[in-house]
2 protein chains.
Amino acid sequence: MRRSSADESTRDPAAAEPAVGGADAPVDPDTPETRGSRAAVLPAAAPGTARNALDRRRILGAAVELIDQDGLRQLTMRRLGAHLGVEAMALYHWVPGRESLLDGVVETVVDELYGDPDVHLSSPDWQEYLQRLGHGVRRIALAHPKVFPLIATRPPAAPWVHPPLRSLRWMESFLTELQRCGFSDAHAVAAYRAFSSFLLGHLLLEVSTHGADIGPIEQEDPGRPDPTDLAEYPRLSALQAELSQDRSAEEFEEALEVLLDRLERLLDHPPHR
Amino acid sequence: MRRSSADESTRDPAAAEPAVGGADAPVDPDTPETRGSRAAVLPAAAPGTARNALDRRRILGAAVELIDQDGLRQLTMRRLGAHLGVEAMALYHWVPGRESLLDGVVETVVDELYGDPDVHLSSPDWQEYLQRLGHGVRRIALAHPKVFPLIATRPPAAPWVHPPLRSLRWMESFLTELQRCGFSDAHAVAAYRAFSSFLLGHLLLEVSTHGADIGPIEQEDPGRPDPTDLAEYPRLSALQAELSQDRSAEEFEEALEVLLDRLERLLDHPPHR
DNA sequence: ACCTGAACACCGTTCAAGT
DNA sequence: ACCTGAACACCGTTCAAGT
């Protein structure tokens, strides 16, 4: 599955143009050197010329890779350095510290939305816009199930920047689209919150079911013979087959439809102010 | 700072009666000694008799306290030991390790539902049941905003044990109530998943907005003058007032109503098998 | 039975020193 | 300009030893 697709810095298979490092992409402002190095180092870097050219983007890519593989707990400055063929201390030249590294990981993964050919910043129909956006975010969550809890729980930059979108550009796009289609100020914001909440709940449940974890319990502990002794829970054991089924895809589809219907009804009501 | 406030085990100011340690509260099965010590040590323990009686419950209570105060990252075996007036290594007699400690923290907080006089395991009306249950979970999330991300993201014991309920007993109760009211197998399970997803999304968004964090960035960094430069985002800056408002309570109420309506419609449709 | 001291392997991070 | 070595303070965890 998760091939070594990130290795040759071909991290955005779809969008060759703006992608992550677009000039106006919101970047972490606290590392001034990125501004210069980004445009210069990255597109050049012929493989073979400078073998171990370290830079912020390569570091973040490797960090995502490590979390995808081994989980968040295994992402260590020292391990990340080793993975990149470098001492851990070299990373501090490109990243202020581990916390900021995790912020960068979240930003990197969320920014994959820009590379998704099925998601657009603008669309004639707001319902199609939300459909595509929702499915795009879902694809990201499923592609990085061990990163998603981080996306969901990292403290937002501002209190109104919600997970899982977490991006000023997407917020701007979201609000613009809906207001262009007739949503009032209050209703556009309400829609943004309802949409975020829906995505967050559904996708966190889905990746959590798929065995995502924050931290490594990975190992099957043979000492504990399946802690689920259902003897005392008759309803539960009767429904176990039903409970074990994974209907996530259908449920997502249906809940999204319900949400869109609900939002559509907002359009008929006058703004409440 | 970290006073000895937990020392006299007066950890539940509000609920003096059943609270966390009801006799039949589900306890972590992997430490057999709890079964004995619980009933014996805790209710007895006249303050002054055995000053530093350590046990699993006191440890978990102190851990919750520390996370509530200082955040997850500050919860360290060594700090927790110090908080309890004991060397860190003493904790390993009552708890297998840090991971299991965190599981216990989640269980402890979720079990506060049993002490909530407004939430019942059974109710004549399934809608009232879900209303009370939902509000109970919300109260817990707001009471422990720094624990809730842990509740939301810890890997579940079984793939069908979802956050945020995370308890076989509540699952059993949930399914029993709905089936008693006419929900089919498939519909009861679908309702359980929809309800979990709604609670998870809404509450995680709410506590995340309230500045919960997993890890300590707590400090206001004066070097970074508010990273929100909205110059390039006209819609966003126009709606900033709207976005800054906290309508969480109303939104919760309304979304819960919508969910209940949606579930009610399930009752009219024949089970799809 | 319960706790401690000392030790081990591993963290994140700083900083002077290398090239 | 970029990376390394050594060091510091702090982790989780083990285990023999104390009482």
Side-chain angles (χ1 to χ4, degrees), chain A residues 30-38 40-42 44-45 49-59 62-63 66-67 70-105 214-219 221, chain B residues 2 31-38 40-41 45 49-59 62-63 66-67 70-105 215-217 219 221:
Chain A
D30 58 4
T31 56
E33 60 269 40
T34 48
R35 183 170 308 280
S37 64
R38 274 267 192 116
V41 173
L42 264 182
T49 311
R51 295 214 327 278
N52 263 342
L54 212 55
D55 66 51
R56 191 161 199 275
R57 182 149 162 250
R58 219 166 84 81
I59 291 175
L66 273 189
I67 299 180
D70 306 329
L72 177 58
R73 284 287 301 276
Q74 300 293 332
L75 180 70
T76 263
M77 299 301 278
R78 289 167 140 105
R79 278 173 59 95
L80 180 56
H83 189 71
L84 288 162
V86 106
E87 298 298 316
M89 303 76 196
L91 302 175
Y92 288 85
H93 251 262
W94 306 96
V95 149
R98 186 170 192 263
E99 290 301 312
S100 165
L101 177 76
L102 295 182
D103 287 338
V105 163
I214 203 166
I217 312 208
E218 328 262 358
Q219 302 299 352
D221 187 339
Chain B
R2 133 175 59 76
T31 56
E33 60 269 39
T34 47
R35 183 171 309 279
S37 64
R38 272 269 193 118
V41 172
T49 311
R51 295 214 326 279
N52 262 344
L54 212 55
D55 67 51
R56 191 162 200 274
R57 183 154 160 244
R58 219 165 82 81
I59 291 175
L66 272 189
I67 299 180
D70 305 329
L72 177 58
R73 286 287 301 277
Q74 299 293 332
L75 181 69
T76 264
M77 299 301 278
R78 288 167 140 107
R79 277 173 59 93
L80 179 55
H83 190 70
L84 288 162
V86 106
E87 297 299 314
M89 303 77 197
L91 302 175
Y92 288 84
H93 251 260
W94 306 95
V95 149
R98 186 170 192 263
E99 291 301 311
S100 166
L101 177 76
L102 294 182
D103 287 338
V105 163
I217 312 208
Q219 301 299 353
D221 187 339

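Hydrogens, waters and symmetry mates are skipped; everything else that's a heavy atom, side chains included, is used. So you know, we letter chains A, B, ... as the sequences are listed, proteins then strands, and number each from 1.
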Novice: Quick one: A:Leu84 CG to D:dT4 P, roughly how many Å, whole number?
Specialist: 11 Å
Novice: Please tell me which of the listed nucleotides, C:dC11, C:dT14, D:dC3, lies nearest to the side chain of A:Tyr92?
Specialist: C:dT14
Novice: Can you tell me the base-pairing partner of D:dA6? Count Watson-Crick or G-U wobble geometry only, both distances below 3.5 Å, and say none if there is no partner.
Specialist: C:dT14
Novice: Report the base-pairing partner of C:dA1 (Watson-Crick or G-U wobble, both distances below 3.5 angstrom), or none.
Specialist: D:dT19
Novice: Could you give the CG-to-C1' distance, from A:Leu101 to C:dT13, as a whole number of Å?
Specialist: 14 Å
Novice: Let's see if you can work this out: which of D:dA7, C:dG5, D:dT4 has an atom nearest to the side-chain heavy atoms of A:Ala90?
Specialist: D:dT4
Novice: Can you tell me how far P of C:dC3 sits from CZ of B:Arg58, to the nearest Å?
Specialist: 10 Å
Novice: Does the side chain of A:Asp70 come within less than 4.5 Å of A:Arg79's, by heavy atoms?
Specialist: yes
Novice: I need the CE-C1' distance between B:Met77 and C:dC3, as an integer number of Å.
Specialist: 14 Å
Novice: If I take atom CG from residue B:Leu66 and atom CG from residue B:Leu75, how far apart are they, to the nearest 0.5 angstrom?
Specialist: 6.0 Å
Novice: Given side chains that start at C-beta, do those of A:Leu101 and A:Leu80 come closer than 4.5 Å, heavy atoms only?
Specialist: yes
Novice: Between A:Leu80 (CG) and C:dC10 (P), how many Å, whole number?
Specialist: 17 Å
Novice: Think B:Thr76 has a side-chain N or O under 4.0 angstrom from the OP1 or OP2 of D:dG12?
Specialist: yes
Novice: Phosphate oxygens OP1/OP2 of C:dC3: is one of them under 4.0 Å from a side-chain N or O of B:Trp94?
Specialist: yes
Novice: Quick one: does A:Arg98's side chain have a donor or acceptor within less than 3.5 Å of a partner on A:Met77's backbone?
Specialist: no
Novice: Could you give the CG-to-P distance, from A:Asp55 to D:dA1, as a whole number of Å?
Specialist: 17 Å
Novice: For A:Met89, which contact category applies under a 4.0 Å heavy-atom criterion: base, sugar-phosphate, or nothing?
Specialist: base
Novice: Taking atom P of C:dG12 as reference, at what distance in whole Å does atom CZ of A:Arg79 sit?
Specialist: 11 Å
Novice: Of B:Gly97 and A:Glu87, whose nearest nucleotide on DNA chain D comes first from the 5' end?
Specialist: A:Glu87
Novice: Could you state the NE2-P distance from B:His93 to D:dG18, rounded to the nearest angstrom?
Specialist: 16 Å
Novice: Determine the minimum heavy-atom distance between A:Ile59 and A:Trp94, stating which atoms define it.
Specialist: CD1-CB, 3.5 Å
Novice: Report the nucleotide, chosen from D:dG12, C:dC2, C:dG12, that has the shortest atom-to-atom distance to any side-chain atom of B:Arg78.
Specialist: D:dG12
Novice: Side chain of A:Leu54 only, please: which of D:dT4, D:dG12, D:dC3 is the nearest?
Specialist: D:dC3
